Amino acid sequence: MAAGEGGWKFRRFAVGAAYDALDPKGNITIKWDVISWTPGGYVAVVTMNNFQMYHPIMSPGWTLGWTWANKEVIWAVMGAQATNQGDCAKFRYNIPHSCEKNPEIVDLLPNTPYNQQFSNCCKDGILASRGEDPSASVSFQITVGSAGTTNRTVKLPKNFTLVAPGGGYICGAAKITRPTLFFLV
């Protein structure tokens, strides 16, 4: 971790972009920022920014999916939830949120209890367009296990998918980029 410009920089290890042919100059960018390491993995903040001018994601909302590179599990999610738990039979006492090889994550409702929310979440899957709101984004926090514990041992998720009303999104490959600057309050 390195301090900088009034905030903290953390390692971002994945970014995808969802392209819509109806708005060729815009996209939805998916940032996956590792903010801390755990004994068997990491905690990340996942943020989706809508850079399309006139194409918001409306109800019933977005579904974000990917394929794990290895046998990662989702221990916890704040501000969203996995649609399926999958086969977690090998875990006897502490059961993960999801053991799916191809998890799908959805947003929570606006009236979600406060202890399940995360900053900029819980909009029922609605993501405004840039033309409506220049800072249009949604975020959730994810705790990943069985994943490696350093930038060198963690593998990028692959095959990102973004499903939303109207369809037409095509996701690019994940890639390593510069870290996001977080401001701690």
Side-chain angles (χ1 to χ4, degrees), residues 5-35 43-68 74 77-84 97-98 100 102-114 116-142 144 156-185:
E5 302 168 21
W8 288 92
K9 287 186 178 182
F10 297 92
R11 178 85 168 126
R12 178 192 301 157
F13 76 85
V15 163
Y19 170 80
D20 178 7
L22 297 176
D23 191 356
K25 294 186 180 182
N27 67 41
I28 295 176
T29 301
I30 303 157
K31 297 186 298 181
W32 190 295
D33 288 293
V34 173
I35 61 169
V43 177
V45 173
V46 179
T47 304
M48 290 190 292
N49 292 292
N50 189 350
F51 294 109
Q52 299 177 107
M53 282 305 291
Y54 307 108
H55 194 172
I57 294 177
M58 302 303 293
S59 188
W62 54 265
T63 300
L64 178 65
W66 60 85
T67 300
W68 291 119
I74 299 172
V77 181
M78 296 289 293
Q81 67 182 10
T83 58
N84 293 303
H97 180 79
S98 176
E100 287 282 335
N102 301 298
E104 292 185 335
I105 305 295
V106 295
D107 198 8
L108 298 176
L109 298 173
N111 61 350
T112 296
Y114 184 73
Q116 297 173 23
Q117 292 185 22
F118 187 73
S119 155
N120 210 20
C121 82
C122 310
K123 300 177 182 180
D124 195 19
I126 295 171
L127 178 54
S129 68
R130 189 173 193 173
E132 296 171 313
D133 179 1
S135 63
S137 68
V138 295
S139 298
F140 60 90
Q141 180 177 288
I142 185 170
V144 180
L156 301 178
K158 53 189 174 185
N159 303 326
F160 279 91
T161 59
L162 179 63
V163 177
Y169 294 102
I170 301 167
C171 293
K175 59 185 176 181
I176 296 171
T177 64
R178 295 187 59 172
T180 297
L181 179 63
F182 284 88
F183 290 94
L184 304 176
V185 182

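These numbers come from the heavy atoms of this one structure, side chains and all, not from hydrogens, waters or symmetry mates. The shown structure was predicted, so the numbers you read here are calculated from the model rather than taken from an experiment.
A distance of 12.5 Å separates CH2 of Trp68 from NZ of Lys158, quoted to the nearest 0.5 Å. Taken to the nearest 0.5 Å, the OG atom of Ser137 stands 11.5 Å off from the CD1 atom of Ile28. The structure places CD of Glu104 at 12.5 Å from CD of Gln81, a figure rounded to the nearest 0.5 Å. Note: Thr47 OG1 to Asn120 CG = 7.5 Å, rounded to the nearest 0.5 Å. With rounding to the nearest 0.5 angstrom, the CG atom of Leu109 is 10.5 Å from the CD atom of Gln117. Leu64 CG to Ile30 CD1: the interatomic distance, rounded to the nearest 0.5 Å, is 5.0 Å.
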Steps toward side-chain contact (heavy atoms from CB on, under 4.5 Å) verdict (Val46, Ile105): CA-CA 11 Å; Val46 179; Ile105 305 295; over 6 Å; no
Could you check Asn50 against Ser129 for side chain to side chain donor-acceptor pair (under 3.5 Å), going step by step and ending with a plain yes or no? CA-CA 6 Å; Asn50 189 350; Ser129 68; 5.6 Å; no
Before you tell me yes or no, could you show the steps for Val45 and Phe118 under side-chain contact (heavy atoms from CB on, under 4.5 Å), namely the whole-Å CA-CA distance, both residues' side-chain angles and the distance that decides it to 0.1 Å? CA-CA 9 Å; Val45 173; Phe118 187 73; 3.7 Å; yes
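In this pair, Trp66 and Phe160 present their aromatic rings tilted. The plane angle is within the 30 to 60° band.
Looking at Pro56 and Ile126, their side chains never come closer than 4.5 Å, going by heavy atoms from C-beta outward.
Of all heavy-atom pairs spanning Pro165 and Pro60, the tightest one is CG-CD, 3.5 Å. Looking at every heavy atom in both residues, Gly79 comes nearest to Leu108 through C-CD1, 3.7 Å. Asp107 and Cys121 make their closest contact through OD1-C, 4.0 Å (heavy atoms, listed as atom of the first residue, atom of the second, distance). Leu127 and Met48 get closest at one heavy-atom pair: CD1-O, 4.1 Å. Of all the heavy atoms in Ala82 and Ser98, the pair that sits closest is CB-CB, 3.8 Å. Minimum heavy-atom separation, Arg130 to Phe51: NH1-CD2, 3.5 Å.
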